[in-house]
Structure formats: structure tokens, C-alpha cells
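Since the structure comes first, as C-alpha cells, the remarks are kept for the end.
Just so it is clear, the model here is predicted, and its values are computed rather than measured. Because only heavy atoms are used, hydrogens play no part in the values below, and waters and symmetry mates are left out as well, while side chains stay in. Below, read A as the first sequence line, B as the second, and so on, with proteins coming before strands; counting in each chain starts at 1.
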Protein chains: 2
Amino acid sequence: MRSARSPHASEPPGACAMRNLYRFVEPVILYMLKCKGHSYGYDLAGELSRYAFTGAAIEKAALYRTLRHLEDNGFVVSGWEFHATGPARRIYSLTPQGERHLEEWAALLNDLSRSMSRFVARVRSAHENHKEVKAGAAALPAR
Amino acid sequence: MRSARSPHASEPPGACAMRNLYRFVEPVILYMLKCKGHSYGYDLAGELSRYAFTGAAIEKAALYRTLRHLEDNGFVVSGWEFHATGPARRIYSLTPQGERHLEEWAALLNDLSRSMSRFVARVRSAHENHKEVKAGAAALPAR
DNA sequence: TGTCCTTAGGTGCAGCTTGCCTATAGGTGC
DNA sequence: GCACCTATAGGCAAGCTGCACCTAAGGACA
């Protein structure tokens, strides 16, 4: 495991996540590693768009940096894998802390999702009320 | 209106938002201005926590900067208001573009909310499957 | 041999955002 | 005079992002 660099290294996602969401790269990578068992950067990069839940493309650099960040925090571990052909691969897999971290992410995203849909509902009802108020204040059939 | 500064000044929230979510300060401020009709920084700061949908506190500096950013982009307009007592207030109100921007934000947040809850469901079903696999592989009554 | 493509894993850097701290300035209470 | 409240805002160090670039191994092709 690599040594800690981030000032938020030991914070739970709830404390740190809203500080920096890492564009949701982190939970997606954790989930992919959970599904695949283990994988490496180049492979993950190829499938990120299938797993990502935002339309935004995920940068290759962001992917590698997030993997390093996750390892700094003990959520994944890595080791080199050598093949007869092609360059070596750094294979990552989840640690038990990483499993928990993914669950924390899921809880956080669940809360955020609910809060967001509540907010959207409020915005849309405000929009409806606004239209009604305008129509009522005008007290005229049409315009 | 102030002159544009941001390189993403004219982009819709869908294009720019995932690049920088501004910690969701922007849609909250737009919504507050819509509800209140008009308001000023210090007043908004006092009520932000009631309207914000993330637990994260919103920085005073972030609030003022976001207001300026919104004005740079033509989503709000401002004017000074002087009172017999206390310092002058810069009063902000929504423009028609600002109204549309809030609706775009609502659409974006709605999509994001749905994507997030789908992701959460997938994570949780993966978690269940994992437990089943482990239990099945063990083929033992307990522990 | 030289060049180019694919796989694979990074680094460097400019530009932008964030959070904390500080400045400014009018007014009130003691 | 001094502290405190209202009100807006700037400075700055840290951190994050996106793009460009680099290294290196192997294979294809001429």
C-alpha cells in the first residue's frame, strides 16, 4: 500500500465526498472492481462508459489518479502482472475497507438522489405556482 | 450586467455542470431567488441551509462568487439598495434566462437523481449476489 | 532498419475552484 | 473607544481537472 498524501485520506465519503465528488469516478471504479473481482487501468478505461452514471466522459488521467488515490486510502490493493506479450499491467482489487467504502458511497448517493428529486419537485411546483399566480393576477382570459 | 469571465459562460448546465457542479450552490440560489422574487447575499446566506439539499454547508465566499458568476452569465441582475441604517445591499433578481437556467438545472438534476438511484440499486444487488455466492460456495450451514 | 500502431501506465502543467482568512464600511450598544 | 452586527468582497494556498505529452514493450509492414 502506498503512503497517504491526501489531507482527507481517512475521512468517510460523507465527510469528504461533498468536498470533492471526483465526478463520481470513485464509486464507479469501486463498483467495477467489485463486479469484476480485479482489473487494471486500461481495461477499466475501456468499460467506464458502460458503468458510469453520468454522461460525462471520464478522463484517463482521472482514472489512474483515482486508482492511486483509492490505494493511498487502503480501499484497493495493486500488484504487477506480467504477460508474454505486451506491457505489464497493474492489477487492482478491492479490500474489505473498499467494500465498505462502496457501501458508504451507495448510502450517500441514495440520500443525494432523494434530496435531488425532492429539490426538483419543489422547483417544478414553484414553477406551476408561478404560472398560476401570473394567470390569476392578470385576471384575463388569455394573452 | 457584468462582462463575461468564465470560459463556460454560455454553455447550458448539461454541458458545463458535470465539469463543475459548483456544489449545487447555483441551482439552490436560483430557486431561492425564484421563491423570494429578489434578495441579497447576506439574506440568502442566512437561509441557504433551509434550501440546500446537500448536508454540506455553503461557504459565504462561494455564495457571493456564485452570485457574481450568475450575473456574468445573465441569469440574474443586481442593483444597490440603500437604507437609512446599515450598509448598502446588492439586490439580485432572476432574469428570464435565469428562469430557464433553473429549469435546465431541474432537468439535469432529475436525470442525475435517476441515474444515481439506478446505480445504487445495482451496487446493492451486486452486494446481495456476492453474499449469495459466498453462502453457496461455502455450502455449509453457518458462519 | 525504420516507422507506425496497439497496449499499458503514467507525468506535467496551466487554469480553475474551494475554503479560510482578512479587509472595508456603516451602524448600534455600553 | 471598543466590540459587535450587518453587508460585500478580495487574497491566497491548496487542491482538482483536462489536455498534452512521455515511456516502454510488442507486432506489422516495407
Side-chain angles (χ1 to χ4, degrees), chain A residues 2 4-9 11 15-26 28-29 38-48 52 54-73 76 78-92, chain B residues 2 4-9 11 15-26 28-29 38-48 52 54-73 76 78-92:
Chain A
R2 306 171 70 251
R5 281 183 306 192
S6 163
H8 312 294
E11 291 176 29
C16 168
M18 296 322 298
R19 177 186 279 272
N20 187 342
L21 291 161
Y22 295 102
R23 298 184 71 215
F24 307 111
V25 178
E26 200 174 292
V28 172
I29 290 176
H38 51 80
S39 187
Y40 56 100
Y42 194 83
D43 178 51
L44 292 169
E47 292 198 83
L48 264 181
T54 72
I58 290 170
E59 266 295 307
K60 191 166 62 83
L63 168 64
Y64 283 111
R65 281 194 275 243
T66 302
L67 284 168
R68 299 299 219 93
H69 176 80
L70 287 169
E71 187 163 22
D72 286 344
N73 289 259
V76 302
S78 74
W80 289 99
E81 199 179 79
F82 301 93
H83 292 263
T85 164
R89 298 168 178 174
R90 189 195 279 269
I91 305 290
Y92 288 92
Chain B
R2 304 170 71 250
R5 280 184 308 194
S6 162
H8 312 295
E11 292 177 27
C16 167
M18 297 321 298
R19 175 186 282 271
N20 186 341
L21 289 161
Y22 295 102
R23 298 186 70 215
F24 306 112
V25 178
E26 200 174 291
V28 172
I29 290 176
H38 50 80
S39 187
Y40 56 99
Y42 194 82
D43 178 52
L44 293 169
E47 293 198 84
L48 263 180
T54 73
I58 290 170
E59 266 296 307
K60 193 165 59 83
L63 167 64
Y64 282 108
R65 280 195 277 245
T66 304
L67 284 168
R68 299 299 219 95
H69 175 81
L70 287 169
E71 187 162 22
D72 286 344
N73 289 259
V76 300
S78 74
W80 288 98
E81 199 177 78
F82 300 93
H83 292 264
T85 164
R89 297 167 178 173
R90 189 195 279 268
I91 305 291
Y92 288 92

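Considering CZ of A/R90 and CZ of A/R68, their distance stands at 4.5 Å, rounded to 0.5 Å. Distance check: A/L63 CG to A/E26 CD gives 12.0 Å after rounding to the nearest 0.5 Å. Rounding to the nearest 0.5 Å places CG of A/L70 at 14.0 Å from CZ of A/R65.
Comparing B/A61 and A/G86 by the nucleotide of DNA chain D that holds the closest heavy atom to each, the one mapping nearer the 5' end is B/A61.
The shortest side-chain heavy-atom distance between B/I29 and B/V76 does not fall under the 4.5 Å cut-off. Between A/E71 and A/Y92 the shortest side-chain heavy-atom distance falls below 4.5 Å.
Counting distance only, with no hydrogens placed and no angle test, the side-chain atoms of B/R65 and the base atoms of C/dG19 include a donor-acceptor pair under 3.5 Å.
The separation between B/I29 atom CD1 and D/dT8 atom C1' is 14 Å, rounded to whole Å. Atoms CH2 (B/W80) and C1' (D/dA7) sit 8 Å apart, rounded to a whole Å. Note: CG (A/L67) to P (D/dC16) measures 15 Å, nearest angstrom. One can place CZ of B/R68 at 16 Å from P of C/dT18, the figure rounded to the nearest angstrom. One interatomic measurement links the two molecules: NE2 of B/H69 to P of C/dT18, which rounds to 10 Å at whole-angstrom precision. What separates NZ of B/K60 from C1' of D/dT6 is a distance of 11 Å, to the nearest Å. Here D/dC22 presents its C1' atom at 13 Å from OH of A/Y64, a figure rounded to the nearest Å. C/dC20 atom C1' lies 16 Å from atom CG of B/L63, rounded to whole Å.
The side chain of B/E59 sits closest to C/dC20 out of C/dC20, D/dA24, D/dT8. Taking every side-chain heavy atom of B/T85 into account, C/dG27 is the closest of D/dT6, D/dA9, C/dG27. Distances from the side chain of B/Y40 to the nucleotides D/dA7, C/dG9, C/dC20 place D/dA7 closest. Out of D/dA25, D/dA7, C/dG10, the shortest distance to the side chain of B/Y42 is found at D/dA7. For A/R90, the listed nucleotide lying nearest its side chain is C/dG10; candidates were C/dC20, C/dG10, C/dT7.
Here A/A62 lies out of heavy-atom contact (under 4.0 Å) with every strand. Residue contacts for B/A88: at a heavy-atom cut-off of 4.0 Å it reaches the sugar-phosphate backbone alone, with no base atom in range.
Phosphate contact (OP1/OP2 of D/dT8, side-chain N/O of B/R89, threshold under 4.0 Å): absent.
Pair assignment for C/dC30 gives D/dG1, based on Watson-Crick or G-U wobble hydrogen-bonding distances that are each under 3.5 Å.
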